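Atoms within a ligand are numbered from 1 in the order they appear, just like the ligands themselves. Here the structure is a predicted model, which means the values were calculated and not measured.
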Amino acid sequence: AKDAGGGGYAAYDPSMHDAVVRRLELASDLRLALERDELVLHYQPKVDLRTGEIIGFEALVRWQHPVRGMVPPLDFIGVAEATGLIVPLGRWVLTQACRQAVAWDRPLKMAVNLSVRQFEAGDVAEMVASVLAETGMPPGRLVLEMTESVLLTDTDDNLARIVSLKALGVQLAMDDFGTGYSSLAYLRRFPMDVLKIDRSFVDRLGGESEDEALVRTIVRLGQRFGMHTVAEGIENETQLAILQEMGCDYAQGYLLSRPLPEPDATALLDRGLPF
Ligand code: C2E
Ligand code: CA
Ligand code: CA
Ligand code: CA
């Protein structure tokens with residue numbers, strides 16, 4: 001901020017000021033975006049690494065801003081969390097994703113991201129239950145993806161939340177697995193169904209790194225604990241082949257398909273992937 005005293009403009013950084021203004025603008029625009037239907041979901045397929053079949057999708061939110069164009073989630077999810085808007089926004093995403101899954105009328109899984117703030121706001125299980133009821137979504141087809149941070153803060157309350165979610169019959173996935181600080185002990189305490197291997201590890205597969213051993217260990221861990229493993233961010237054939245050889249269950253990534261708007265995702269379902 002600008003120094004109020006005489007002649008001091010030492011700490012004034014115009015680019016920082018711009019960033020603050022931009023965030024404030026985004027926050028107020030975002031409030032309207034929900035009302036104006038400017039948010040849209042794109043769907044990225046998850047593929048069975050043994051059969052090449054599409055077994056489901058991950059719903060990823062985008063904002064079609066009237067002036068800025070397509071705004072990616074990393075530019076507004078943080079603002080939504082800071083302002084609490086993530087709660088109505090997250091509910092909208094969940095509802096929309098469930099509606100789409102029901103409309104596709106196939107035994108596909110639909111994965112939805114749940115942020116920590118959303119997870120900890122009010123009764124998350126009750127929110128999910130009411131969306132399932134409202135949309136007619138079979139609970140067993142819904143996958144909630146959350147990051148390890150959910151396991152690290154407020155542990156007892158969050159364990160209770162996880163247990164209530166599990167009781168609904170939905171599946172729980174640990175997103176960005178390997179990047180956080182969760183210990184193996186957490187994995188035993190929290191009944192997760194899926195481990196998503198973070199893109200940063202998949203990125204370095206095929207190079208000369210230790211990451212291959214790490215990914216292999218995660219896959220084995222999943223097998224040992226009865227959890228499915230999903231690798232995200234697969235961009236080339238080498239990574240795909242390595243993951244297949246390791247026995248990783250499912251894959252997501254640009255090599256297979258980018259996240260697609262609904263009509264393209266539906267077309268992809270009809271024609272399948274050239275695996
Ligand atoms: P995430 O949950 O880890 O999602 C994966 C991100 O990686 C997505 O970015 C996806 O488009 C991108 N991706 C997929 N395959 C590839 C690939 O092969 N290469 C590369 N470079 N990237 C790939 P996106 O859609 O921009 O989302 C970024 C993050 O924003 C997500 O990370 C998630 O944390 C958050 N997010 C997205 N939608 C939602 C939502 O509805 N609610 C919440 N709470 N967070 C969301
Ligand atoms: Ca995710
Ligand atoms: Ca990730
Ligand atoms: Ca993430």
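- Rounded to 10°, the angle that OE2 of E58 and OE1 of E145 form at the Ca ion (ligand 2) is 80°.
- Shown here are the side chain to side chain donor-acceptor pair (under 3.5 Å) partners of R91, two or more places apart in sequence or in another chain: S130, E134.
- Each of E58, E232, Q252 was evaluated against Q44; a single residue qualifies, Q252, per the side-chain hydrogen bond (donor to acceptor under 3.5 Å, both in side chains) test.
- No path of Ile, Leu, Val, Met, Phe, Trp and Tyr side chains, each step under 4.5 Å between heavy atoms, connects Y254 with L205, placing them in separate hydrophobic clusters.
- Considering backbone and side-chain N/O of Q252, none are found under 3.5 Å from N/O of ligand 1.
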Stepwise side-chain contact (heavy atoms from CB on, under 4.5 Å) check, R117 with I77: CA-CA 11 Å; R117 176 76 191 268; I77 291 290; over 6 Å; no
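- Sorting the N, O or S atoms of D176 by how far they are from the Ca ion (ligand 3) puts OD1 first.
- Within the structure, the closest approach of E58 to ligand 1 falls below 4.0 Å when heavy atoms are considered.
- The ligand atoms of ligand 1 that sit less than 4.0 angstrom from a heavy atom of G253 are 15 (N), 18 (O).
- Residue-level proximity to ligand 1 for T147 is absent, since no heavy atom of it falls below 4.0 angstrom.
- Counting only non-hydrogen atoms, the option in E232, K196, E145, Q44 that gets closest to atom 15 (N) of ligand 1 is Q44.
- Distances between N or O atoms of D175 and those of ligand 1 include at least one value under 3.5 Å.
- Within 6.0 Å of atom CZ in R220, 12 or fewer heavy atoms from other residues, nucleotides or ligands are found, so the atom counts as exposed in its surroundings.
- M146 and L60 fall into different hydrophobic clusters, where Ile, Leu, Val, Met, Phe, Trp and Tyr side chains are chained together by heavy-atom contacts under 4.5 Å.
- Near P73, meaning under 4.0 Å from any of its heavy atoms, are these atoms of ligand 1: 24 (P), 25 (O), 26 (O), 27 (O), 28 (C), 30 (O), 36 (N), 37 (C).
- Counting non-hydrogen atoms of neighbouring residues, nucleotides and ligands closer than 6.0 angstrom, the CD atom of E126 reaches no more than 12 such neighbours.
- Distance check: R23 CZ to L30 CG gives 11.0 Å after rounding to the nearest 0.5 Å.
- The shell of residues lying under 4.0 angstrom from ligand 1, judged by heavy atoms, includes E235.
- The residue among L60, L41, T179, L94 with a heavy atom at the shortest distance from atom 4 (O) of ligand 1 is L60.
- Atoms of ligand 1 found under 4.0 Å from any heavy atom of S115 (numbered from 1 in listed order, with element): 44 (N).
- Taking 4.0 Å as the cut-off, P72 does not count as a neighbour of ligand 1 on heavy-atom distance.
- Here atom 18 (O) of ligand 1 lies nearest to Y254 when heavy atoms of Y254, F76, F119 are compared.
- Counting heavy atoms closer than 4.0 Å to ligand 1, residue V93 contributes side-chain atoms (C-beta onward) but none from N, CA, C or O.
- Minimum-distance N/O/S atom of D175 relative to the Ca ion (ligand 2): OD2.
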Pair E53-R106, salt bridge (charged side-chain N to carboxylate O under 4.0 Å, His left out): steps then yes or no: CA-CA 13 Å; E53 248 179 302; R106 302 178 198 221; over 6 Å; no
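- At least one heavy atom of R62 sits less than 4.0 Å from an atom of ligand 1.
- For G90, the heavy-atom gap to ligand 1 stays at 4.0 angstrom or more.
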